[in-house]
Amino acid sequence: MLKLEDLAGLLEKNHVASAACVREFSIAGKQVAFNSRPSIMGVINLSPDSWYRESVCLTTDAAVHRGKVLHELGADIVDVGAESTLAQAARADDASQNTRLLPVIKSLRGANIPVSVETYQPAVARLCLEAGASVLNFTGADRTDEMYQMVAAHDAALIICYVQGKNVREVADFDFSADPIAMMYEYFARQTEIAAKRGVEKIFIDPGLGFYYRNLQDSAVRVQHQMTVFLNTFRLRTLGFPICHALPHAFEYFGEEVRCAEPFFAVLAALGKTDLFRTHEVPRVKAVLDTLRVF
């Protein structure tokens, strides 16, 4: 059971890190003040393999409608993806992803809604950035130079995800041989330096807690890992970049109340000073953050 003593001990060990501030920048022309108010990223899944049925949209019209609704409900950014990260999901080639993504991105940008595209494929990223995507949610660790240069050329923002593998679909066991936060810190320090040298000025870092590693199939191990990283997020902020977190679901514990899982994890993520909350449950998470802000 998570206790107050756990939080107090964490703060005592990392008191200096708790005061870290991160860079602030504009997305789609709108300045975002991460150090004073976190932002929310709503999710649209264009793949039929995505299990979170509330976010699945199988037509352009449905996706654009959901994007507009999410924005009205409080999403600062709408994240669109065309391939599920589930291990058993079908792989989507570049052409099929672009066929789904491009009309949605163009329509949402036409409505002045900031759009993020989730992909690890350069050919998909290139056309989506050209179509108006303001953020690349990069779920890979391969061909980074090419991806970073594309982001810089479009003055877009970049989300660098922590992936122990070539990309989110090609991961095996998560390496627990050292402190995960320390490993993430080293990875992000290297990648942010490379991205900056390639001209990227707007960078988020994402610990990748929603990825399906083989040795994190045990629900207790996975949830404990996720909770630990959420609460330690502020240690990564010492790198100077805002933190994005994809909120998980923990279906094994929440069961029929699974839609309450992301709001629960949002509390832990907020305590860890997360800057951008990626969620399928925008109004619920917004309510959690608004309530925490009252204290």
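All values below come from the heavy atoms of this structure, side chains included, with hydrogens, waters and symmetry mates left out.
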Smallest heavy-atom separation, G165 atom then A141 atom, equals O-CB, 3.5 Å

Any side-chain heavy atom of R126 within less than 4.5 Å of one from T119? no

Other residues, nucleotides and ligands only: do more than 12 of their heavy atoms fall within 6.0 Å of CD on Q217? yes

I would like to know whether I205 and L236 meet side chain to side chain contact (heavy atoms under 4.5 Å, CB included); could you show each step before the answer? CA-CA 9 Å; I205 54 180; L236 296 174; 4.2 Å; yes

So Y162 and F174, would you call those rings parallel, tilted or perpendicular, with 30° and 60° as cut-offs? perpendicular

Counting neighbours of CD on E54 that are heavy atoms of other residues, nucleotides or ligands and sit closer than 6.0 Å, is the number greater than 12? yes

Is there a continuous path of hydrophobic side-chain contacts, each under 4.5 Å between heavy atoms, that joins V56 to V168? no

Minimum heavy-atom separation for C128 to V117, with atom names? SG-CG2, 3.7 Å

Scanning both residues in full, the closest heavy-atom pair of A123 with D94 reads CB-OD2, 3.3 Å

Could you tell me whether a side-chain N or O of D142 sits under 3.5 Å from a main-chain N or O of K166, the two making a donor and an acceptor? no

When rounded to the nearest 0.5 Å, the distance separating CZ of R190 from CD1 of I160 is 11.5 Å

Give a yes or no answer on whether the side chain of T192 reaches the backbone of F188 with a donor-acceptor pair at less than 3.5 Å. yes

Given the rule in the side chain to side chain contact (heavy atoms under 4.5 Å, CB included) test, do I44 and L70 qualify, once you have shown the distances and angles that lead to the verdict? CA-CA 9 Å; I44 298 175; L70 290 175; 4.1 Å; yes

Distance-only, no hydrogens or angles: does the D76 side chain make a donor-acceptor pair with backbone N or O of S39 under 3.5 Å? no

In the single-linkage hydrophobic clustering (I, L, V, M, F, W, Y; side-chain heavy atoms under 4.5 Å), do V200 and V115 co-cluster? yes

Short side-chain to backbone donor-acceptor contact, R109 and A131, under 3.5 Å: no

Give a yes or no on whether the backbone of V223 and the side-chain of Y253 come within a donor-acceptor separation of less than 3.5 Å. no

Single-linkage hydrophobic cluster, 4.5 Å side-chain cutoff, L247 and I40 together: yes

Less than 4.5 Å apart, any side-chain heavy atom of M227 and any of L268? yes

How about H245 and F265: are their ring centroids closer than 6.0 Å? no

Check for a donor-acceptor pair, side chain of S107 on one end and backbone N or O of V104 on the other, with a separation under 3.5 Å. no

Regarding E170 and N167, is there a side-chain donor-to-acceptor distance under 3.5 Å anywhere? yes

Report yes if some heavy atom in the side chain of V229 is under 4.5 Å from a heavy atom in the side chain of M184; otherwise report no. yes

Check: R100 side chain, A82 main-chain N or O, donor-acceptor pair, under 3.5 Å: yes

Could you state the interatomic distance from CD (E193) to CG (L239), rounded to the nearest 0.5 Å? 11.0 Å

What verdict does the salt bridge (Lys or Arg N to Asp or Glu O under 4.0 Å) test give for R278 and E118, after you've listed the backbone C-alpha separation in whole Å, the side-chain angles of each residue and the deciding distance to 0.1 Å? CA-CA 12 Å; R278 182 183 183 276; E118 178 191 310; 2.9 Å; yes

Regarding N35 and R23, do their side chains bring together a donor and an acceptor under 3.5 Å, going by distance alone? no

Would you say E24 has more than 12 foreign heavy atoms packed within less than 6.0 Å of its CD? yes

Please check this pair: side chain of N98 against backbone of A95, looking for a donor-acceptor N/O pair closer than 3.5 Å. no

Distance in Å, E83 CD paired with L101 CG, rounded so as to fall on 0.5 Å steps: 10.5 Å

Is there a donor-acceptor pair closer than 3.5 Å between any side-chain N or O of T238 and the backbone N or O of F234? no

Any side-chain donor-acceptor pair under 3.5 Å between T279 and E262? yes

Side chain to side chain contact (heavy atoms under 4.5 Å, CB included), that's the test. Do M183 and Q164 meet it? Break it down for me. CA-CA 10 Å; M183 291 192 296; Q164 290 186 1; 4.1 Å; yes

P114 side chain near V78 side chain, heavy-atom distance below 4.5 Å: no

Under 4.5 Å between side-chain heavy atoms, hopping through other hydrophobics if needed: is there a path connecting V64 to I77? no

May I ask you to check whether D175 and S177 show a side-chain donor-acceptor distance below 3.5 Å? yes

Between K286 and E281, is there a salt bridge with N-O shorter than 4.0 Å? no

Will you find, in the side chains of S116 and N137, an N or O donor that is under 3.5 Å from an N or O acceptor? no

How long is the gap from CD on E186 to CG on D179, to the nearest 0.5 Å? 9.5 Å

Look at atom CZ of R37 and say whether more than 12 heavy atoms of other residues, nucleotides or ligands are closer to it than 6.0 Å. no

Are F254 and L2 connected in the hydrophobic side-chain network, where two residues link if heavy atoms are under 4.5 Å apart? yes

Minimum heavy-atom distance between I27 and S134, given as atom pair plus value: CG2-CB, 4.0 Å

Under the criterion side chain to side chain contact (heavy atoms under 4.5 Å, CB included), I'd like the reasoning laid out for L231 against L7: C-alpha separation, chi angles, the key distance, then a yes or no. CA-CA 8 Å; L231 293 173; L7 301 179; 3.9 Å; yes

Hey, which of F25, F277, F138 is the one that makes ring pair (Phe, Tyr, Trp, His ring centres under 6.0 Å) with F204? F25

When rounded to the nearest 0.5 Å, the distance separating CD of Q149 from NE2 of H154 is 12.5 Å

Can you see which heavy atom on A269 is nearest to which on F230, and at what distance? CB-CD2, 3.6 Å

Spell out, as yes or no, whether a donor-acceptor pair under 3.5 Å connects the side chain of N45 to the backbone of S47. no

Only residue of K197, Q191, R198, R143 satisfying side chain to side chain donor-acceptor pair (under 3.5 Å) with Y148 is Q191

Is the shortest side-chain N to carboxylate O distance from R293 to D290 below 4.0 Å? yes

More than 12 foreign heavy atoms under 6.0 Å from CD of E256: is that the case here? no

Shortest non-hydrogen contact from I243 to D275? N-OD2, 2.7 Å

Output the distance between atom CG (L46) and atom CZ (R66), rounded to the nearest 0.5 Å. 10.5 Å

If you count the non-hydrogen atoms of other residues, nucleotides and ligands that lie under 6.0 Å from NZ in K202, is the total more than 12? yes

